[in-house]
Every structure is written in structure tokens, then in C-alpha cells.
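In the text below, chain A, chain B and the rest are named by the order of the sequence lines, each starting its count at 1.
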There are 2 protein chains.
Amino acid sequence: MINKYIETLQKHGLKRTPKRLEVLRILSEESAYISPQKLHVLLKEKFLKIGLPTVYRILQQFQNIGIVTSIQQDDNQLYYYLCDCVEKHHHFICRKCHKVSCLTYCDFDNIKQLVADQLDSLAETHVLQIEGLCKECLES
Amino acid sequence: MINKYIETLQKHGLKRTPKRLEVLRILSEESAYISPQKLHVLLKEKFLKIGLPTVYRILQQFQNIGIVTSIQQDDNQLYYYLCDCVEKHHHFICRKCHKVSCLTYCDFDNIKQLVADQLDSLAETHVLQIEGLCKECLES
DNA sequence: TTTATAAACGAAAACCATTTTCATTTAGAT
DNA sequence: ATCTAAATGAAAATGGTTTTCGTTTATAAA
Ligand SMILES: [Mn+2]
Ligand SMILES: [Mn+2]
Ligand SMILES: [Zn+2]
Ligand SMILES: [Zn+2]
């Protein structure tokens, strides 16, 4: 599954560097969203020298080529997670354990029509963030 | 219409201060979302002394009591706008002129059900941000 | 109207996530 | 092996937001 991401990297002219590969590995083993700071700590377990700017650069590049998504929490910080789905969909985020789950749902076509009808305007993009408690956190 | 907000202030134990009243006036005459910095500039036209912390404090308090809503744009900055609607709905935001328009639409009941069915999880909150071009900006 | 008190405020500094700069290193092509 | 643009680290800068703390003010009680 990592291979698919590596292809995407090369398709966008990004070199296959050890740091980038390790970021992919960490993110693919992580089911929760993660802060650049925490990712930096995890990367330092493998690399003696890795700067926070590199972490930020990699995450932004990955976001640009569509392999990670960012969310902004109430603490005014960015968090990132990896999503390998291709179809249009949204994510459910557990407010306790921060796990991210794909939800087969997107109502954008309907929204576009409503925006046209009600406001004579053109809806181009939308962001939907759904939060709550995941199955495990509900049970514990 | 400002009177309704003043009642809300007092209901939540917030004093009726000149700064707060002027923030309400500015926001109610503004159809676009606004940054704390720009609000600060506008407030300085009326008050010789007003600090940026006060602006931030007022906006946060207004958000807490539900008379303003904040959004975070791609520049990682917070913007605020006033919404006097009571029913559950969402907003359409013009990416060019930044005007905010209410949209009579909310699919949360459906989303809750899907989250329960697909993920055995409990959806508690949701944020939907719709962006595009408003009628005026489409025509110009 | 005066007084008391908690809330509100301004000024200054602190905070801290994120970005920029620039010199050095490295991946990948030739 | 050589070359070159991309990638990186270190350090500093940036800038939105928050904290601190001493002073002022709104508001209710006396
Ligand atoms: Mn997904
Ligand atoms: Mn509204
Ligand atoms: Zn959870
Ligand atoms: Zn517009």
C-alpha cells in the first residue's frame, strides 16, 4: 500500500527520500490524526537529524498531492491524517481517541443545487467535519 | 435587531460596554466575515484606546454565547461573522468578496444515522463550510 | 447618589505554531 | 563518476493569539 503513495510522489516530481518514506510509514500505521510536532518526535526515533521545518514541508507537499488531509482543531493547530480512498467521501473523527474513519457519504451535488436555487450562487468546494465518539470510546 | 443581541449579552452575564456595543454594530452592518485585525482598525475609528486583546476577548465571548461564528481560512487565521438565525442551517461563503449567506440546509440527522450504521459510532457535532462565488461576483 | 465589587480593559510581554533564509547535502539523471 | 535541481538542517523571523497585571468601569447594593 505504501508503494501506491511512492508512485504518487514520483508522479508529482517529489524525490523518494528516507524522510518522506518514513513519514508515509508512520502515517499509514496511525489511525488517528497527528500533529507535526508529534510526527517530529516519532521521526527522531529513526533519524538523528531531522528538523521541524522538514516535517512541515513534507506534510504540506503530501497535502498538495492529495495523500494527506489536514484538519484544524479548536486549539488552532493543524493535524494531519492519511486517506487512501479515491471516491468522494467524508471523515468521522473521534473527539476522544482522535481516530479518523471514512464515511461513505457526500451530499455535495445536492448542496450545489440548493446554493444555485436559494442564492443564485456557485458552490465550488465544501468541507465537512463530523465529530463524536467512536465505537471503542463509546464502550469504554 | 441589536437589542436582541444585547439581551443575549445580559442573559450570559456580560456587561453592556461601549466596546461590545460597537462590535455588535460593526458586525451587524457587515455582510462578510472579518478578521480580528480589521475589526480592531474599525474600532479605532471610534475609540482612542482599544487593544487587540480586547477585540479577541470580545469575539471569543460572542462565540461562546452563540452570536458569532468563526471560520478558519487557508491562511490559518480566524475570521468571524454574525448570524442571527435560530434554525439549524449552514453558510455559503464567497471566496472572492467573503460575503456570508445563510443556506436553508442541514443533513445532520441523516449523517448521524449513517455514522451509527456504518461505524457504530455517535456523531455529536458537525461543521460544514461551503465556498464558491456569490451572485454578484459571478456577474462581475 | 455614593459605595462596593467583580468584570472589563490597555499595555506590554509572552507564547508558540509555522515560515523563511541560506548554506550544505543528497537523489536521481546523464 | 559527475552534475544539478531538489531536499534538508539550523537558526532566526514571523505573526496570530494569549497571558499578566495594574488600572478603569459597569452595575447593583446601600
Ligand atoms: Mn477517507
Ligand atoms: Mn446563518
Ligand atoms: Zn475514539
Ligand atoms: Zn462574492
Side-chain angles (χ1 to χ4, degrees), chain A residues 2 5-24 26 33-65 67-81 98, chain B residues 5-24 26 33-65 67-80 98:
Chain A
I2 291 260
Y5 296 126
I6 295 176
E7 277 177 34
T8 308
L9 286 195
Q10 293 175 331
K11 189 166 57 185
H12 288 84
L14 293 182
K15 290 179 178 172
R16 174 190 174 128
T17 69
K19 313 281 166 71
R20 287 188 180 138
L21 294 182
E22 182 67 5
V23 168
L24 284 177
I26 292 173
Y33 60 75
I34 190 174
S35 66
Q37 288 75 18
K38 185 176 173 194
L39 183 54
H40 185 220
V41 169
L42 295 176
L43 286 163
K44 279 193 284 194
E45 291 178 3
K46 176 149 183 165
F47 301 103
L48 295 176
K49 285 187 160 193
I50 178 160
L52 205 37
T54 298
V55 179
Y56 277 98
R57 284 186 282 239
I58 291 177
L59 287 171
Q60 278 185 195
Q61 291 156 344
F62 284 11
Q63 178 161 241
N64 288 341
I65 66 179
I67 61 185
V68 304
T69 305
S70 71
I71 57 171
Q72 231 154 1
Q73 293 294 75
D74 293 332
D75 60 0
N76 279 348
Q77 235 210 291
L78 288 169
Y79 294 84
Y80 293 85
Y81 56 88
H98 301 168
Chain B
Y5 295 125
I6 294 175
E7 277 179 34
T8 308
L9 286 195
Q10 294 175 330
K11 188 166 59 183
H12 288 84
L14 293 182
K15 290 178 179 172
R16 173 188 175 130
T17 69
K19 313 281 166 70
R20 288 191 179 134
L21 294 182
E22 182 67 6
V23 168
L24 284 177
I26 292 172
Y33 60 76
I34 190 174
S35 66
Q37 289 75 15
K38 183 175 174 195
L39 183 55
H40 185 219
V41 169
L42 294 177
L43 285 163
K44 280 193 284 195
E45 292 178 3
K46 176 149 183 167
F47 301 104
L48 294 176
K49 285 187 162 194
I50 179 161
L52 203 38
T54 299
V55 178
Y56 277 98
R57 284 187 282 240
I58 290 176
L59 287 172
Q60 281 186 194
Q61 291 156 343
F62 283 11
Q63 177 160 240
N64 288 340
I65 65 177
I67 61 185
V68 303
T69 304
S70 71
I71 58 171
Q72 232 155 0
Q73 294 294 74
D74 292 333
D75 60 0
N76 280 348
Q77 236 213 291
L78 289 169
Y79 294 85
Y80 293 85
H98 301 166

Asker: What pairs of donor and acceptor atoms, side-chain ones from residues 11-18 of chain A against any protein atom, are under 3.5 angstrom apart with sequence neighbours left out?
Answerer:
unit_1, atom_1, unit_2, atom_2, d
His12(A), ND1, Thr8(A), O, 2.9
Thr17(A), OG1, Arg20(A), N, 3.2

Asker: Please work out whether the ring planes of His98(A) and Tyr33(A) are parallel, tilted or perpendicular, with thresholds of 30° and 60°.
Answerer: parallel

Asker: Only counting residues at least two apart or in another chain, list the ones meeting side chain to side chain contact (heavy atoms under 4.5 Å, CB included) with Asn64(B).
Answerer: none

Asker: Pairs under 3.5 angstrom only: tabulate donor-acceptor contacts from the side chains of residues 41-55 of chain A to other protein residues two or more places apart or in another chain.
Answerer:
none

Asker: Among all residues two or more places apart in sequence or in another chain, which pass the ring pair (Phe, Tyr, Trp, His ring centres under 6.0 Å) test with Tyr56(A)?
Answerer: none

Asker: For Gln63(B), which residues count as a side chain to side chain contact (heavy atoms under 4.5 Å, CB included) partner, sequence neighbours excluded?
Answerer: Val68(B), Ser70(B), Tyr80(B)

Asker: Between Lys38(A) (NZ) and dA17(C) (C1'), how many Å, whole number?
Answerer: 18 Å

Asker: Roughly what angle, to 10°, lies between the helix axis at the start of the helix from dT1(C)-dA30(D) to dT30(C)-dA1(D) and the one at its end, five pairs per end?
Answerer: 30°

Asker: Which residues pass the side-chain hydrogen bond (donor to acceptor under 3.5 Å, both in side chains) test with Asp74(A), not counting sequence neighbours?
Answerer: none

Asker: Holding to ring pair (Phe, Tyr, Trp, His ring centres under 6.0 Å), I want the full list of residues that pass it with Tyr5(B), two or more places apart in sequence or in another chain.
Answerer: none

Asker: Just by protein heavy atoms under 4.0 Å, how would nucleotides 18-30 of chain C read 5' to 3' in B, S and -?
Answerer: SBBB-----BS--

Asker: Taking any atom under 4.0 angstrom from a heavy atom of chain A, which nucleotides of DNA chain D are the first and last to qualify, 5' to 3'?
Answerer: dA5(D) to dT17(D)

Asker: Which whole-number value in Å describes the distance from Arg20(B) CZ to dA8(C) C1'?
Answerer: 6 Å

Asker: Which residues pass the salt bridge (charged side-chain N to carboxylate O under 4.0 Å, His left out) test with Lys38(B), not counting sequence neighbours?
Answerer: none

Asker: Excluding sequence neighbours, so at least two apart, what forms ring pair (Phe, Tyr, Trp, His ring centres under 6.0 Å) with Phe62(A)?
Answerer: none

